[in-house]
There are 4 protein chains.
Amino acid sequence: MSSVSNDKHTAILDAAYTLFGSGGFYETKMSDVAEQAGIAKGTVYLYFKSKEELFLAVTRRDCEGYLEQLETKLKAQRGLADKLSVIAEHHLFYYYERKQHTKLFFRAPNNNPELVAYMAYFMEQYMQAVVKVLVEGGGSEPELMAQSYIGMLDRLKMDILFDPSFSETDAHKRAQFAASLFIRGAMDNLHPFQGDKLAE
Amino acid sequence: MSSVSNDKHTAILDAAYTLFGSGGFYETKMSDVAEQAGIAKGTVYLYFKSKEELFLAVTRRDCEGYLEQLETKLKAQRGLADKLSVIAEHHLFYYYERKQHTKLFFRAPNNNPELVAYMAYFMEQYMQAVVKVLVEGGGSEPELMAQSYIGMLDRLKMDILFDPSFSETDAHKRAQFAASLFIRGAMDNLHPFQGDKLAE
Amino acid sequence: MSSVSNDKHTAILDAAYTLFGSGGFYETKMSDVAEQAGIAKGTVYLYFKSKEELFLAVTRRDCEGYLEQLETKLKAQRGLADKLSVIAEHHLFYYYERKQHTKLFFRAPNNNPELVAYMAYFMEQYMQAVVKVLVEGGGSEPELMAQSYIGMLDRLKMDILFDPSFSETDAHKRAQFAASLFIRGAMDNLHPFQGDKLAE
Amino acid sequence: MSSVSNDKHTAILDAAYTLFGSGGFYETKMSDVAEQAGIAKGTVYLYFKSKEELFLAVTRRDCEGYLEQLETKLKAQRGLADKLSVIAEHHLFYYYERKQHTKLFFRAPNNNPELVAYMAYFMEQYMQAVVKVLVEGGGSEPELMAQSYIGMLDRLKMDILFDPSFSETDAHKRAQFAASLFIRGAMDNLHPFQGDKLAE
DNA sequence: TATGAATGAGTTTTCATTCAT
DNA sequence: GATGAATGAAAACTCATTCAT
């Protein structure tokens, strides 16, 4: 609880986030993490019992932050269209701001049941957040809809990660594109402007 | 190119596909591949220079098969809606038939530029195949559209991979869901029935 | 020498005795010793320079106690037979009372010259104590005799250590068995009842 | 089964016997064993799955050899006294010839149930071999007698191990000393010359 | 004195790759 | 071509010891 121990804990998570993210789980050595965090190898093990536990902690912190920020942003919006826009922006800008840490989500250790379980839990949470938005807007099959939207966004983020010339403006446009494509597609059972001032 | 050497080449690829796919790159040992292929460890190296090269070859064969089959199926269809349907079915059933080989695409070695390049190439090819369909149907931003569709499908496939109770019928429904959602979303710049006899 | 420091010194020795004894030298961590002693890890090093020194101190205290108690018990006896009996009882009951600490003597660190030297010194002392008894009884080769007796007892103790059902009565019988076997074997050059009131 | 593989297997056992014996289990590195055997580190693991397994194999080979040689020597003797003499000589000369490998029996890894079980098995076998000799000579409590004899010999061997000036003749004398001490001690229930020509 | 966070040397084991047969 | 015994680099993790507080 002391600020010192917290500092180190955070430093390790930050270092691991960077290295796991850019290099992947197997390619990252615990000694690299230690070095990047500016501490000794043994110290990492005072805070995290194993490399897998560290990876899980990094993933958890990242995912929790993702969902919390999304919730906050969604609360500031009234209308369905705005909310879907916010989701798209959040998804794309999250990666935009983390170009370095790309690989985290697809270069994980295999055969770690805890990690698999956590990722499933995260996806469920994310999906439910989207589902909630969709349900407020009315419409059937909200879960499939939510998954479709998330998948769309996840693919559209790829260029952001791999194309160095991708600008913030490009990301904005892409988010708007995704939101309108989805809203149009979902239109017959959604009421896009419900809750918007415009709609009143 | 002799039939004998070809036999072994194929046996190795098959073995590697099974093992990399179910266990992941790092979890699979070259000796396992050799054993599964029914040959000696050293022999693998007569056909593939390294583990990474083998992984790349497996990936390549898999992706090429994916695209070839897709092309064949697309040729049998006239209308845009049917073609988009075929794409969805192909994407979902490809994974449906390969539940065992789940991990191949997201448990690959990092930092292998050749692999990264090939995957980018594959995605480009896949996208262009979809783009071609969309362009025939008319409409703007075909590349973003294609990516959105592919992303949607890629997320919707997840339950297939992880939910053992997922049936063929479920997969069909899901493919149709994706196709209609996308078509509706894309409607203002696409002409869904163009090319269909019905549309004439 | 203050009572406080003495308390901790003793607490550490007690803790180390328990842990080294039941787990062995290599299996026991200094942090375990500290915890068992109810102090901090660093504190152990205020009292003992190293793990090996601690082990040596534990061994020393144990061996000294062994010899001191033996001397006391021997003083209470007059006759040779009684003295040999006391030696057997002491040897066997010492282990009987310390079943938990079995491993201390045969799970020690190697290559520690000081420890090797001390163990040799202890054996010499123990042997001389037995020799003294034998010499009083007359007879040749007292050192070989003493070693034989000690060896006999040391093997006979084994069941005590490893057989949980071994009772105090069993230990008594075994001690008597050893004493008579030895006395009979040594009879031609020993005068078994010399010094006993009965013998006068 | 090929002589080559057998050569290496033996070379590793020999190297391990020397190193474990002189340095102890924990003090011996697998890389030392490999070097001493003149092979690469990894090769050791082709023949023995782990350090513990190697230690067990070394112990087993040694103990089996001990018992086999003892049996052979005992078969060549008729009388009880001669047989007990042979046991003493075997016990002492076994160590005499293996001064370098002393520590094997008392510097073993802890907490290895397989090893503990094997050592118990070995002791039982050894004891039964002695018991068989004693029973042929008649007499009660043969197991305690056997243990006493073995213990005696085990202690008398110590000087052989640690005293570099100990000669073969010394070892002989010591063996004879042990045998006569034991025979005299056991005399009332044993018939020392039974089976000897002299006794007829 | 007492603490316990921090250190980093040290060892087992794995496995891709080689190469003599 | 085919084999599989041999290699040795590489990395996770432990734990005795130190030292700033």
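Atoms considered below: every heavy atom in the structure, side chains included; atoms not considered: hydrogens, waters and symmetry mates. Protein chains get the first letters and strands the later ones, always in sequence-line order, with residue 1 at the start of each.
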In whole angstroms, the gap separating P of E:dA2 from CZ of C:F48 amounts to 13 Å
Quick one: is E:dG8 close enough that its OP1 or OP2 comes under 4.0 Å of any side-chain N or O from A:K41?
no
D:D7 CG to F:dA6 P, in whole Å, measures 10 Å
For the backbone of A:F25 and the side chain of A:K51, can you confirm whether one donor and one acceptor N or O come within less than 3.5 Å of each other? yes
Please check if atom CD in D:E114 has more than 12 non-hydrogen atoms from other residues, nucleotides or ligands closer than 6.0 Å.
-> no
Verify the contact: side-chain N or O of C:Y45 to OP1 or OP2 of E:dT3, cut-off strictly under 4.0 Å; return yes or no. no
When rounded to whole Å, the CD1 to P distance for the pair A:I12 and E:dA6 reads 8 Å
note: C:E35, atom CD; E:dT3, atom C1'; distance rounded to Å ~ 15 Å
Against the side chain of D:T43, the closest entry in F:dA6, E:dA16, E:dT7 is F:dA6
Per side-chain contact (heavy atoms from CB on, under 4.5 Å), A:L54 is matched among A:Y17, A:F20, A:Y47 by A:F20
Sorted by position of nearest nucleotide on DNA chain F, 5' first, the leading residue of A:S31 and B:V44 is B:V44
Taken to the nearest whole Å, CG/C:L19 to P/F:dC15 is 14 Å
D:K49 atom NZ is separated from E:dC15 atom P, nearest whole Å, by 15 Å
Closest of E:dA16, F:dG1, E:dT12 to the D:K51 side chain is E:dT12
Exercise. Given side chains that start at C-beta, do those of B:M119 and B:N112 come closer than 4.5 Å, heavy atoms only?
Worked result: no
For A:K29, which contact category applies under a 4.0 Å heavy-atom criterion: base, sugar-phosphate, or nothing? sugar-phosphate
note: C:M30, atom CE; E:dA5, atom C1'; distance rounded to Å ~ 17 Å
As its Watson-Crick or G-U partner within any shown strand, both distances under 3.5 Å, E:dA20 has F:dT3
Sorted by position of nearest nucleotide on DNA chain E, 5' first, the leading residue of A:G42 and D:S50 is A:G42
Of the listed E:dA5, E:dT17, E:dG4, the closest approach to the C:A40 side chain comes from E:dG4
Practice prompt. Check the pair A:D14, A:R61 against side-chain contact (heavy atoms from CB on, under 4.5 Å), reporting the backbone distance first and the verdict last.
Written response: CA-CA 10 Å; A:D14 291 345; A:R61 185 183 69 162; 2.9 Å; yes
D:E52 atom CD is separated from E:dT11 atom P, nearest whole Å, by 17 Å
| task | Verify the contact: side-chain N or O of D:K8 to OP1 or OP2 of F:dA5, cut-off strictly under 4.0 Å; return yes or no. | result | no
